[in-house]
Amino acid sequence: MPHVTLHHGVQMPLLGFGVFQIPDDQTQQAVESALEAGYRLIDTAAAYENERAVGRAIAASGIPRDELFVTTKLWVQDYGQDSAARAFDRSLDRLGLDHLDLYLIHQPFGDYYGAWRAMEDLNRDGRTRAIGVSNFYPDRLADLISHNEIVPAVNQIETHVFFQRTDDHRLMREYGVQHESWGPLSQGGRGFFDNPVLADIARAHGRTIAQIALRWLVQQEIVVIPKSVRPDRMAENLDIFDFRLTEDDLARIADLDTGRSQVFDHHDPAAVRQLGGVRFDT
Ligand code: NAD
């Protein structure tokens with residue numbers, strides 16, 4: 001498995017396994033299957049309400065802790081310096097771990113500055129090897145970086161063939177922030193699995209559409225965390241490191257960019273109100 005090096009030297013697998021929307025009672029089995037298939041990066045969040053099941057799968061796997069890369073995320077209701085520190089302890093406890101590899105601010109709403117200061121302390125104390133953010137558009141990322149000490153190691157943002165984020169990518173490169181994609185398969189939306197351009201490229205390489213879309217991301221050194229509860233698809237999604245997309249493939253895929261999210265617009269006040277107001281059992 002290829003790795004990327006985060007700006008302070010931590011190695012992160014280029015491909016991992018996401019567990020968003022996997023129900024708690026299926027998560028342990030799914031993560032155990034993913035670890036068996038060879039995944040070593042697991043991406044969860046307090047808001048997914050399945051950290052305990054992820055922890056059980058990790059414990060059951062017997063895989064040495066230092067071979068795993070575990071990410072979780074802090075939800076909006078727990079922002080602010082003191083509550084963020086307490087929420088971190090609760091996440092770690094649910095995961096059954098004594099440290100994290102990556103802790104992310106899940107959304108750029110509310111008192112994420114206070115949360116970031118708590119995360120800087122957690123990082124300095126070695127309780128999480130890296131800290132980062134998620135869903136930060138370029139303006140918020142630049143602002144956070146300009147007024148704090150530690151530069152986020154990672155920004156996890158919606159990125160796929162229909163929402164390519166090339167400007168975001170360029171800015172993150174400038175700052176040394178690792179780009180991580182969520183929804184790498186466009187969550188199956190916008191006719192992703194029937195797209196004729198992707199189907200044509202897939203045929204030419206003897207691959208599947210999922211593999212082409214994931215390859216397109218990792219070929220740009222963007223970390224991917226596709227999700228599937230099916231072991232055959234887990235294996236398929238891992239099997240992308242022995243071919244390359246050509247310049248012609250890349251040009252055709254570039255034309256698929258719509259420049260818009262297919263999930264929610266972080267600049268829409270209604271979405272900000274709605275997302276910022278959601279409460280989870282964290
Ligand atoms: P995804 O793009 O990974 O798509 C998942 C869908 O594709 C599922 O319906 C799955 O059944 C299907 N699928 C997976 N592999 C397939 C294959 N080979 N062939 C056919 N179908 C296949 O969407 P996602 O789960 O939303 O994103 C991946 C991960 O990103 C999440 O699990 C989560 O960890 C993370 N995420 C983060 C945020 C955030 O706000 N930070 C938001 C959404 C997701």
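This one's a predicted model, so the numbers in the text were calculated from it and none came from an experiment.
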*Asks:* Got L35 and F17 here, is their nearest side-chain heavy-atom distance under 4.5 Å?
*Replies:* no
*Asks:* I'd like to know whether CD of E67 has more than 12 heavy-atom contacts from other residues, nucleotides or ligands below 6.0 angstrom.
*Replies:* yes
*Asks:* Are V133 and P108 side-chain neighbours, meaning at least one heavy-atom pair lies under 4.5 Å?
*Replies:*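 A side-chain contact under 4.5 Å is absent here.
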*Asks:* Determine whether more than 12 heavy atoms belonging to other residues, nucleotides or ligands lie under 6.0 Å from atom CZ of R190.
*Replies:* yes
*Asks:* What I want to check is whether the side chains of T44 and E51 have a donor and an acceptor closer together than 3.5 Å.
*Replies:* no
*Asks:* Rounded at 0.5 Å granularity, tell me how far CG in L256 sits from CH2 in W216.
*Replies:*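 Atom-to-atom, L256:CG and W216:CH2 are 8.5 Å apart.
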*Asks:* So, for A46 and R94, which heavy atoms are closest and what is the spacing to 0.1 Å?
*Replies:*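 That closest heavy-atom pairing would be CB-NH2, 3.9 Å.
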*Asks:* Sequence neighbours excluded and cut-off under 3.5 Å, please list the side-chain donor-acceptor pairs for residues 275-282, or say none.
*Replies:*
{"unit_1": "R279", "atom_1": "NH1", "unit_2": "G276", "atom_2": "O", "d": "3.3"}
{"unit_1": "T282", "atom_1": "OG1", "unit_2": "Q77", "atom_2": "NE2", "d": "2.9"}
{"unit_1": "T282", "atom_1": "OG1", "unit_2": "D78", "atom_2": "OD2", "d": "2.6"}

*Asks:* NE2 of H106 to CG of L74: how many Å apart, nearest 0.5 Å?
*Replies:* 10.0 Å
*Asks:* Identify the heavy atoms of F264 and Q107 that sit nearest to each other, and give their distance.
*Replies:*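 Where F264 meets Q107 most closely, the heavy atoms are CZ-NE2, 4.1 Å.
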*Asks:* To the nearest 0.5 Å, tell me how far T159 OG1 sits from I222 CD1.
*Replies:* 5.5 Å
*Asks:* Under a 4.5 Å cut-off applied to non-hydrogen side-chain atoms, are P184 and H160 in contact?
*Replies:* no
*Asks:* Within the 4.5 Å heavy-atom criterion, are T128 and M119 side-chain neighbours or not?
*Replies:* no
*Asks:* Which heavy atom in G132 sits nearest to a heavy atom in L102, and how many Å separate them?
*Replies:*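 Smallest interatomic distance, heavy atoms only, reads N-CD1, 4.0 Å.
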*Asks:* For the residue pair Y113 and H147, does the interplanar ring angle fall in the parallel (under 30°), tilted (30 to 60°) or perpendicular (over 60°) class?
*Replies:*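 Tilted, since the angle between the ring planes falls between 30° and 60°.
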*Asks:* Please answer whether the main-chain N or O of Q156 pairs with a side-chain N or O of S134 as donor and acceptor at a distance below 3.5 Å.
*Replies:* yes
*Asks:* Which heavy atom in F193 sits nearest to a heavy atom in A210, and how many Å separate them?
*Replies:*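 Distance-wise, the nearest heavy atoms are CE2-CB, 4.2 Å.
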*Asks:* Please say yes or no: joined through hydrophobic side-chain contacts below 4.5 Å, possibly via intermediate residues, are Y48 and L185 part of one cluster?
*Replies:* yes
*Asks:* Between the side chains of R90 and D93, is the shortest nitrogen-to-carboxylate-oxygen separation below 4.0 Å, so that they form an ion pair?
*Replies:*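 R90 and D93: not salt-bridged.
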*Asks:* Output, in order, the C-alpha distance, side-chain angles, deciding distance and verdict of side chain to side chain contact (heavy atoms under 4.5 Å, CB included) for V10 and D101.
*Replies:* CA-CA 9 Å; V10 172; D101 297 286; 5.9 Å; no
*Asks:* Between H179 and H169, how do the two ring planes meet: parallel, tilted or perpendicular, split at 30° and 60°?
*Replies:* tilted
*Asks:* Mind checking the CG-CG spacing from N50 to L95? Nearest 0.5 Å is all I need.
*Replies:* 9.0 Å
*Asks:* Using atom types as modelled and distance alone, determine if a side-chain donor or acceptor of N155 lies under 3.5 Å from a backbone N or O of L141.
*Replies:* no
*Asks:* One thing to verify: whether R170 and D167 come together as a salt bridge, which I'm taking to mean a side-chain N less than 4.0 angstrom from a carboxylate O.
*Replies:*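 Between R170 and D167 there is a salt bridge, with a charged N closer than 4.0 Å to a carboxylate O.
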*Asks:* Is there side-chain contact between H99 and R65, with at least one heavy-atom pair below 4.5 Å?
*Replies:*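 In contact.
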*Asks:* Is there a side-chain contact between K227 and I225 in this structure, where contact means two heavy atoms from C-beta onward sitting under 4.5 Å apart?
*Replies:*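 Heavy-atom side-chain distance check fails, nothing below 4.5 Å.
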*Asks:* Counting C-beta onward and ignoring hydrogens, is there a side-chain heavy-atom pair between F241 and M1 closer than 4.5 Å?
*Replies:*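 Yes. Closest side-chain heavy atoms under 4.5 Å.
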*Asks:* For the residue pair D249 and T246, confirm or rule out a side-chain donor-acceptor distance under 3.5 Å.
*Replies:* yes
*Asks:* Is a donor on one side and an acceptor on the other found under 3.5 Å between the side chain of T166 and the backbone of Q164?
*Replies:*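 Absent.
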*Asks:* Enter the distance from M172:CE to R165:CZ here, rounded to the nearest 0.5 Å.
*Replies:*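 Separation between the atoms: 7.0 Å.
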*Asks:* For Q219, I'd like to know if atom CD has over 12 heavy atoms of other residues, nucleotides or ligands within 6.0 Å.
*Replies:* yes
*Asks:* State, with a plain yes or no, whether a side-chain heavy atom of L198 is found less than 4.5 Å away from one of V161.
*Replies:*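 They are in contact (side-chain heavy atoms under 4.5 Å apart), so the answer is yes.
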*Asks:* What orientation do F192 and F162 show, parallel under 30°, tilted 30 to 60°, or perpendicular over 60°?
*Replies:*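 Perpendicular, since the angle between the ring planes exceeds 60°.
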*Asks:* Would a single hydrophobic cluster contain both F20 and F163, if residues Ile, Leu, Val, Met, Phe, Trp and Tyr are joined by side-chain heavy-atom contacts under 4.5 Å?
*Replies:* no
*Asks:* Would you say the side-chain atoms of E120 pair up with the backbone N or O of E149, donor to acceptor, closer than 3.5 Å?
*Replies:* yes
*Asks:* Pair F69, I42 - check side chain to side chain contact (heavy atoms under 4.5 Å, CB included), show working.
*Replies:* CA-CA 6 Å; F69 190 102; I42 306 295; over 6 Å; no
*Asks:* Please check this pair: side chain of D239 against backbone of A235, looking for a donor-acceptor N/O pair closer than 3.5 Å.
*Replies:*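 No, the answer is negative, given that no donor and acceptor are paired below the 3.5 Å cut-off.
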*Asks:* Could you tell me the separation between the CD1 atom of I212 and the CZ atom of R215, rounded to the nearest 0.5 Å?
*Replies:* 9.5 Å
*Asks:* Does the gap between the ring centers of H266 and F109 come in under 6.0 Å?
*Replies:* yes
*Asks:* Quick one: do R124 and D121 satisfy salt bridge (Lys or Arg N to Asp or Glu O under 4.0 Å)? Show the steps, please.
*Replies:* CA-CA 5 Å; R124 286 190 201 100; D121 287 342; 2.9 Å; yes
*Asks:* So, for I150 and N123, which heavy atoms are closest and what is the spacing to 0.1 Å?
*Replies:*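 Residues I150 and N123, closest heavy atoms: CD1-OD1, 3.8 Å.
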*Asks:* Take atom CD in E221; do more than 12 heavy atoms of anything else shown fall under 6.0 Å from it?
*Replies:*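 Result for CD/E221: open.
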*Asks:* Side chain of N237, backbone of R233: donor and acceptor closer than 3.5 Å?
*Replies:* yes
*Asks:* Of the non-hydrogen atoms in V177 and P152, which two are nearest, and what is the gap between them?
*Replies:* CG2-O, 3.4 Å
*Asks:* Over 60° means perpendicular and under 30° means parallel, so classify the ring planes of Y137 and H267, tilted if in between.
*Replies:* perpendicular
*Asks:* Apply the test side chain to side chain contact (heavy atoms under 4.5 Å, CB included) to residues R140 and D143: give CA-CA distance (whole Å), side-chain angles for both, the deciding distance (0.1 Å), then the verdict.
*Replies:* CA-CA 5 Å; R140 302 233 172 177; D143 188 57; 5.6 Å; no
*Asks:* Are the side chain of T27 and the backbone of V54 linked by a donor-acceptor contact shorter than 3.5 Å?
*Replies:*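 Not confirmed, T27 side chain does not pair with V54 backbone.
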*Asks:* Show your reasoning for whether side chain to side chain contact (heavy atoms under 4.5 Å, CB included) applies to V223 and L41.
*Replies:* CA-CA 10 Å; V223 172; L41 185 177; 4.0 Å; yes
*Asks:* Look at the side-chain heavy atoms of Ile, Leu, Val, Met, Phe, Trp and Tyr, link any pair under 4.5 Å apart, and say whether Y39 and L97 land in one connected group.
*Replies:*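 Yes; tracing contacts between hydrophobic side chains, which count when under 4.5 Å, links both residues.
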*Asks:* Between R252 and D255, is there a side-chain N and carboxylate O pair less than 4.0 Å apart?
*Replies:*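 D255 and R252: not salt-bridged.
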*Asks:* Please determine if R127 forms a cation-pi arrangement with F88, meaning its NZ or CZ atom is less than 6.0 Å from the six-membered ring centre and no more than 45° off the ring axis.
*Replies:* no
